[in-house]
J.: 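Handing you this structure, nothing more for now.
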Number of protein chains: 2
Amino acid sequence: MKRDSRLSATLHVLLHMADRGAPMTSEELAACLHTNPVVVRRTMAGLRRAGLVRSGKGHGGGWTLARALEAITLGDVHRALGEPALIALGHRSETPQCLVEQAVNAALGEAFAEAEALLAGRFDRVRLSDLAADFSRRFDERRRTHARHDHAL
Amino acid sequence: MKRDSRLSATLHVLLHMADRGAPMTSEELAACLHTNPVVVRRTMAGLRRAGLVRSGKGHGGGWTLARALEAITLGDVHRALGEPALIALGHRSETPQCLVEQAVNAALGEAFAEAEALLAGRFDRVRLSDLAADFSRRFDERRRTHARHDHAL
DNA sequence: GTTTCATGTAACTTATACTGTTACTTGATC
DNA sequence: GATCAAGTAACAGTATAAGTTACATGAAAC
């Protein structure tokens, strides 16, 4: 299965937007993702509709967060993206006549639903501010590592 | 994401094979799945290599189970199919330079791994005999329902 | 008010993986 | 040897994410 990376990409650019503080253009965000500005606009359109971000045209335009990082969960972003499927497996038929297939669907469906609920629940409990805090930790860590490096030179 | 239904299909035919007791041809199994015999052979090839089923050519040939239903778990079947991805989401880059992306990958990766472990663990605990028992329950239930129907006529 | 800049969107192409189909080979049974 | 069924290669179909081009819309700068 080819994996959907829109959630990953979107979280990435949202954190960059927060870090910047000023509007960022689709072109700048596309550079962060090594992709095309149109891909960014297309993906962000759902977030705009969901009220997570705002967009402005013309000079000084671009994308800005509409809420604080603390007020946006991964679940909010996932839903804004159209709530794409989390589980890569599916049934052969959703409404089978065959009793064997009904038994298979029941067993797999229960397992899928449980895993999906686990992921969705976790998404709802993680805020963008949590990711930003982890980024800061990594940033400080890198600074310490580089400082040691500099001393060694 | 288009969902992978090979696990679902394979469990379906394995139960039909167990129910039959005698070898079933790819053509017969394909009829159960409303698909093509070649699709069946292709999918079952992994199970043969894994020692879950045997195949015979010529007259009286076809597919048979190589183990009892109690000795095959959903996990066995999933691995025999090449262990396709369970989670439909992925990272944009597996080894990002960007610290922001590293933080995103860490958060998502942990969530993905947890959900994947939940599903895989569950697959390892469910045996084909469990599905067969559920099928029998459904079969009896339908017989009771149909009996009541007959009385009403 | 015209130019410039940036979003909004449609349309098309590409990439990828499952699925379906045809054609042919291999091997076992009658 | 004829028939049957698996084994397999090769190719077409389908769906979706992703990338690209082109153009319209609207806001700010000059």
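Lettering of chains follows the sequences in order, A, B, ..., and the numbering in each one begins at 1.
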J.: If we fit an axis to the first five pairs and another to the last five of the helix from dG1(C)-dC30(D) to dC30(C)-dG1(D), what angle do they make, to the nearest 10°?
T.: 10°
J.: Can you see if the side chain of Thr35(B) gets near the phosphate of dG20(C) - specifically, an N or O under 4.0 Å from OP1 or OP2?
T.: yes
J.: If you round to the nearest 0.5 Å, how far is CD of Glu116(B) from CD1 of Ile87(A)?
T.: 9.0 Å
J.: Drop me the distance from Cys98(B)'s SG to His12(A)'s NE2, to the nearest 0.5 angstrom.
T.: 3.5 Å
J.: OP1 or OP2 of dA18(D) less than 4.0 angstrom from a side-chain nitrogen or oxygen of Ser5(A), does that happen here?
T.: yes
J.: For dG8(C), does OP1 or OP2 lie under 4.0 Å from any side-chain N or O of Ser55(A)?
T.: yes
J.: To the nearest Å, give me how far apart CZ (Arg54(B)) and P (dA28(C)) are.
T.: 16 Å
J.: In this structure, would Val100(B) and Val53(A) fall into the same cluster of hydrophobic residues linked by side-chain contacts under 4.5 Å?
T.: yes
J.: Counting only distance, no hydrogens or angles, is the base of dT25(D) paired donor-acceptor with the side chain of Lys57(A) under 3.5 Å?
T.: yes
J.: Quickly work out the His59(B) NE2 to dG1(D) P distance and round it to whole Å.
T.: 17 Å
J.: Tell me what Arg6(A) touches on the nucleic acid: a base, only sugar-phosphate, or nothing, going by heavy atoms under 4.0 Å.
T.: sugar-phosphate
J.: Roughly how many Å is it from CD in Glu27(A) to P in dT4(C), rounded to a whole number?
T.: 17 Å
J.: How far does CE of Met24(B) sit from CG of Leu29(B), to the nearest 0.5 angstrom?
T.: 4.5 Å
J.: Quick one: Arg41(B) CZ to dA23(C) P, roughly how many Å, whole number?
T.: 15 Å
J.: Could you give the CD1-to-P distance, from Ile87(B) to dA17(C), as a whole number of Å?
T.: 18 Å
J.: Would you mind telling me which residue lines up with the more 5' stretch of DNA chain C, Arg42(A) or Gly58(A), judged by nearest nucleotide?
T.: Gly58(A)
J.: Under 4.0 Å, counting only non-hydrogen atoms across every strand here, what does Gly62(B) touch: a base, just sugar-phosphate, or nothing?
T.: sugar-phosphate
J.: In whole Å, what is the span from the CG atom of Asn36(B) to the C1' atom of dG13(D)?
T.: 13 Å
J.: Quick one: Asp4(A) CG to dA15(D) P, roughly how many Å, whole number?
T.: 18 Å
J.: Please determine whether a side-chain nitrogen or oxygen atom of Ser26(B) lies at a distance below 4.0 Å from atom OP1 or OP2 of dA6(D).
T.: yes
J.: Classify Arg48(A) by what it touches in the nucleic acid, base, sugar-phosphate, or nothing, heavy-atom distance under 4.0 Å.
T.: sugar-phosphate
J.: Taking any heavy-atom pair under 4.0 Å as a contact, classify Arg92(A): base, sugar-phosphate, or nothing.
T.: sugar-phosphate
J.: Taking Arg138(A) first and then Asp134(A), would you say they form a salt bridge - that is, a charged N and a carboxylate O separated by under 4.0 Å?
T.: yes
